[in-house]
Asker: 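The structure under discussion is supplied below as structure tokens; questions concerning it will follow.
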Amino acid sequence: MKVWLAALAVTVVNWLMKAGGPLLMGERKLPPAAVRVVGLIAPVLLAGLIVTELGGKRLDWTQLTGVAVAGILSVLRVPLLLAVAAGIALTAGIRLFG
């Protein structure tokens, strides 16, 4: 029972945090510096995920290839979801056929 209450509490807090920004900002625009920072959040989170996933293990060249492709596509301004999907597909293809 405690687990369900904890999950419910985390869900409610998450909703409140997500709604907090629009409720506090209203119709005001963010300053240009804040817009630039917000635009960098997704690549930084992706880099953190890569470091934590690949950091402590022996490196696998198929993973590195997929990460490189996703990074290159991200630099070329491909949407992040498509870039990551392409990296995953390439890694899976290399492992399947290689």
Side-chain angles (χ1 to χ4, degrees):
M1 184 68 170
K2 290 181 183 178
V3 173
W4 288 106
L5 288 175
L8 180 63
V10 168
T11 301
V12 169
V13 169
N14 186 19
W15 285 343
L16 291 173
M17 287 173 53
K18 287 183 178 182
L23 288 176
L24 292 175
M25 289 299 294
E27 295 293 322
R28 292 176 284 185
K29 300 279 185 191
L30 287 174
V35 171
R36 287 192 301 272
V37 169
V38 170
L40 294 175
I41 289 175
V44 168
L45 288 175
L46 180 60
L49 178 63
I50 291 167
V51 167
T52 57
E53 284 294 315
L54 299 179
K57 303 184 271 189
R58 189 179 63 117
L59 293 178
D60 181 11
W61 70 272
T62 58
Q63 283 179 333
L64 290 176
T65 305
V67 168
V69 165
I72 290 168
L73 290 176
S74 180
V75 167
L76 295 174
R77 304 257 184 218
V78 173
L80 188 60
L81 186 61
L82 290 177
V84 171
I88 292 169
L90 179 68
T91 301
I94 290 172
R95 288 181 179 174
L96 183 64
F97 298 115

Asker: Which atom pair, heavy atoms only, marks the closest approach of Arg95 to Thr62?
Answerer: NE-OG1, 3.0 Å
Asker: I'd like a table of donor-acceptor pairs (distance under 3.5 Å, sequence neighbours excluded) in which one partner is a side-chain atom from residues 73-89, with atom names and distances.
Answerer:
none

Asker: Sorted by first residue and then second, give each salt bridge (charged side-chain N to carboxylate O under 4.0 Å, His left out) pair with at least one member in residues 80-93; sequence neighbours left out.
Answerer: none
Asker: Check residues 5-20 and write down every donor-acceptor pair under 3.5 Å in which the side-chain atom is one partner and the other belongs to a residue at least two apart or another chain.
Answerer:
{"from": "Thr11", "atom 1": "OG1", "to": "Ala7", "atom 2": "O", "distance (Å)": "2.8"}

